Asks: 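This is the structure I want to talk about, given as structure tokens.
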Amino acid sequence: MLQGCVLKEAFLKNETPSIGVWQTLPGQNVSRVLARAGVDWVMVDCEHGNIDGTRKLKLDLIPHSELNVIVDAAMHEAVPAIASCGVSPLVRIPDMQGWMIKRALDAGAHGILIPLLRSVEEAKKIVSAAKFPPQGQRGLGSPFAMERFNPVPTMTEYLQHANDSLLTMVQIETQEALDAVEEIAAIPGIDVLFIGPFDLGNNIGHPILDGVMKPELVQAMDRILEASNKAGKKCGFFATTGEQAKQYADKGFHMISAALDTTLLQASLGVSLSAARGQQAPKAGGRY
């Protein structure tokens with residue numbers, strides 16, 4: 001196995017849930033602050049976070065023309081910054097397109113998270129894009145990926161061990177994925193089923209309103225955890241507070257996000273400003 005895959009190592013030890021945080025704000029210094037907080041991993045959020053993506057550029061010389069341009073410099077800066085702190089850099093990509101998976105892994109991510117999965121077929125395509133042959137179709141050539149591990153492997157060593165070391169994670173947050181969760185969990189190469197409770201609630205008709213989870217949503221999440229355990233896979237959960245993270249750790253989840261940078265900043269500012277004004281501190285949890 002590639003050395004320095006902290007999350008993968010935590011999964012293999014299987015002693016306590018692996019705790020991490022979410023990065024939505026760009027900047028290497030933000031990445032380092034989060035990575036040095038005592039976590040196993042930092043999730044660089046290229047789906048909902050302000051971490052680059054693709055942009056449509058209008059070509060002035062050609063009327064009515066647009067060009068899709070890959071702009072992921074912030075992701076390429078965050079991944080090595082996190083890895084340099086001895087923490088696993090993970091990337092949630094905006095979509096399940098193969099080139100997005102390749103860009104994240106070539107940057108040196110220790111794992112990728114795919115949002116809004118809907119079918120077994122999609123899950124198999126994701127595995128194929130994330131794995132080198134013969135398990136998949138990923139191309140080899142990045143000069144950067146190896147440097148995110150310690151000690152730094154050769155390109156040959158990276159090729160030989162990447163398939164078993166890097167984590168392929170999918171979010172179960174649609175009705176279609178929930179209906180097929182047992183089949184998805186059984187797919188070789190899928191390592192983690194990660195629950196996005198907000199989109200899952202929305203898509204099954206039981207949204208989280210004012211922080212309240214309905215019984216139907218709780219039952220759906222229990223089903224995902226059970227399917228993960230039955231298939232010998234790991235199950236992750238996006239918590240909005242430390243207290244909620246502890247609750248889901250006690251329920252048996254293996255990977256839990258305990259905080260998000262933007263909401264932490266909002267909450268901390270609210271507490272400090274309220275104290276300065278002699279007012280009662282606002283409810284923790286930011287805007288979630």
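Just so we're clear, the structure is a prediction, and the values are computed from it rather than from any experiment.
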Asks: Distance alone, cut at 3.5 Å: any donor-acceptor contact between the side chains of Arg118 and Gln175?
Replies: no

Asks: For a quick test of reading the model, state the closest non-hydrogen atom pair linking Ile184 to Leu117 and the distance between them.
Replies: CD1-CD2, 3.7 Å

Asks: We want to know whether Gln135 and Asn163 form a side-chain donor-acceptor pair, criterion being a heavy-atom distance below 3.5 angstrom.
Replies: yes

Asks: Just to verify, what does Arg138 make a side-chain hydrogen bond (donor to acceptor under 3.5 Å, both in side chains) with, not counting sequence neighbours?
Replies: Asp106, Tyr158

Asks: Would Lys251 and Asp222 pass as an ion pair if we require N to O under 4.0 Å?
Replies: yes

Asks: For a quick test of reading the model, state the closest non-hydrogen atom pair linking Ile256 to Pro17 and the distance between them.
Replies: CD1-CB, 4.2 Å

Asks: May I ask whether Trp99 and Ile93 are part of the same hydrophobic cluster, defined by side-chain heavy atoms of I, L, V, M, F, W, Y residues being less than 4.5 angstrom apart, directly or through others?
Replies: yes

Asks: Could you give the distance from CD1 (Ile187) to NZ (Lys124), rounded to the nearest 0.5 Å?
Replies: 6.0 Å

Asks: Just wondering, do Ile208 and Pro197 contact through their side chains at under 4.5 Å, heavy atoms?
Replies: yes

Asks: Quick one: OG on Ser257 to CD on Gln23, what's the gap to the nearest 0.5 Å?
Replies: 12.0 Å

Asks: Within the side chain of Lys233, is there an N or O that forms a donor-acceptor pair under 3.5 Å with the backbone of Val192?
Replies: no

Asks: Quick check: do His206 and Met213 have side-chain heavy atoms less than 4.5 Å from each other?
Replies: no

Asks: Taking all atoms of both residues into account, what is the closest heavy-atom pair of Gly86 and Val6, and its distance?
Replies: O-CG2, 3.2 Å

Asks: For residues Ile51 and Val30: do they belong to one hydrophobic cluster (side chain heavy atoms under 4.5 Å, members Ile, Leu, Val, Met, Phe, Trp, Tyr)?
Replies: yes

Asks: Given side chains that start at C-beta, do those of Met75 and Val79 come closer than 4.5 Å, heavy atoms only?
Replies: yes

Asks: Would you name the heavy atoms of Met96 and Leu116 that are closest together and state the gap between them?
Replies: CE-O, 3.7 Å

Asks: Do Ser119 and Glu176 meet the criterion of a side-chain donor-acceptor pair at a distance under 3.5 Å?
Replies: no

Asks: Side chain to side chain contact (heavy atoms under 4.5 Å, CB included), that's the test. Do Arg92 and Gln171 meet it? Break it down for me.
Replies: CA-CA 10 Å; Arg92 176 162 73 168; Gln171 287 194 252; 2.9 Å; yes

Asks: Please report the C-alpha distance between Phe237 and Met221 in whole Å, then the side-chain angles of each, then the deciding distance to 0.1 Å, and finally whether the side chain to side chain contact (heavy atoms under 4.5 Å, CB included) criterion is met.
Replies: CA-CA 9 Å; Phe237 181 80; Met221 295 191 295; 3.6 Å; yes

Asks: What I'd like to find out is whether the side chain of Leu90 reaches to under 4.5 Å of the side chain of Val44, using heavy atoms alone.
Replies: no

Asks: Have Asp261 and Thr24 got a donor and an acceptor in their side chains that come within less than 3.5 Å?
Replies: yes

Asks: Calculate, to the nearest 0.5 Å, the distance between atoms CG and CD1 belonging to Leu178 and Ile172 respectively.
Replies: 8.0 Å

Asks: Assess whether atom CD of Gln279 is packed by more than 12 heavy atoms of other residues, nucleotides or ligands within 6.0 Å.
Replies: yes

Asks: Would you say Cys46 and Asp72 make side-chain contact, with heavy atoms under 4.5 Å?
Replies: no

Asks: May I ask you to decide if Thr168's main-chain N or O and Asp191's side chain share a donor-acceptor pair within less than 3.5 Å?
Replies: yes

Asks: So if you build clusters from Ile, Leu, Val, Met, Phe, Trp, Tyr with side-chain heavy-atom gaps below 4.5 Å, do Val33 and Leu269 land together?
Replies: no

Asks: Counting only heavy atoms not in Lys125, do more than 12 fall under 6.0 Å of its NZ?
Replies: no

Asks: Would you say the side chains of Ser18 and Asp40 form a donor-acceptor pair under 3.5 Å?
Replies: yes

Asks: Could you report the tightest heavy-atom contact between Ala74 and Pro26, atom names first, then the distance?
Replies: CB-CB, 4.2 Å

Asks: Please report the interatomic distance CD1(Ile126) to CD1(Ile112), rounded to the nearest 0.5 Å.
Replies: 7.0 Å

Asks: Do Glu47 and Val91 come within less than 4.5 Å of each other through their side chains, counting heavy atoms only?
Replies: no

Asks: According to a 4.5 Å side-chain heavy-atom criterion applied to Ile, Leu, Val, Met, Phe, Trp and Tyr, with indirect links allowed, do Leu166 and Leu140 form part of one hydrophobic cluster?
Replies: yes

Asks: Within this structure, what is the CZ-CG distance for the pair Phe238 and Leu200, rounded to the nearest 0.5 Å?
Replies: 14.0 Å

Asks: Below 4.5 Å, heavy atoms only, C-beta onward: do Leu167 and Phe11 meet side chain to side chain?
Replies: yes

Asks: Can you check whether Ile190 reaches Val170 side chain to side chain, under 4.5 Å on heavy atoms?
Replies: yes

Asks: For the residue pair Arg32 and Gln28, confirm or rule out a side-chain donor-acceptor distance under 3.5 Å.
Replies: yes

Asks: Check whether Ser84 reaches the backbone of Ala81 with its side chain - one donor and one acceptor, N or O, closer than 3.5 Å.
Replies: yes

Asks: Check the hydrophobic clustering (I, L, V, M, F, W, Y; side-chain heavy atoms under 4.5 Å; chains of links allowed) and say if Leu105 and Met1 are grouped together.
Replies: no

Asks: Is Thr263 reaching over with its side chain to a backbone N or O of Ala259, donor-acceptor style, under 3.5 angstrom?
Replies: no

Asks: Would you name the heavy atoms of Ala258 and Ile19 that are closest together and state the gap between them?
Replies: CB-CG2, 3.7 Å

Asks: If you count the non-hydrogen atoms of other residues, nucleotides and ligands that lie under 6.0 Å from CD in Glu226, is the total more than 12?
Replies: no

Asks: Check the pair Val87, Val39 against side chain to side chain contact (heavy atoms under 4.5 Å, CB included), reporting the backbone distance first and the verdict last.
Replies: CA-CA 7 Å; Val87 171; Val39 296; 4.3 Å; yes

Asks: Tell me if a side-chain donor or acceptor on Lys8 pairs with a main-chain N or O of Asp164 at a distance below 3.5 Å.
Replies: yes

Asks: Could you state the interatomic distance from CD1 (Ile114) to CD (Gln97), rounded to the nearest 0.5 Å?
Replies: 10.5 Å

Asks: I'd like to know if the side chain of Ser165 and the backbone of His161 have a donor-acceptor N/O pair within less than 3.5 Å.
Replies: yes

Asks: Please name all residues satisfying side chain to side chain contact (heavy atoms under 4.5 Å, CB included) with Gln137, sequence neighbours left out, ordered by chain then number.
Replies: Ser128

Asks: Take atom NZ in Lys102; do more than 12 heavy atoms of anything else shown fall under 6.0 Å from it?
Replies: no

Asks: Quick one: sort the Phe149 and His110 rings into parallel, tilted or perpendicular, breaks at 30° and 60°.
Replies: parallel

Asks: Between Lys230 and Glu182, does the side chain to side chain contact (heavy atoms under 4.5 Å, CB included) criterion hold? Intermediate values first, please.
Replies: CA-CA 8 Å; Lys230 184 177 180 180; Glu182 289 81 11; 5.8 Å; no

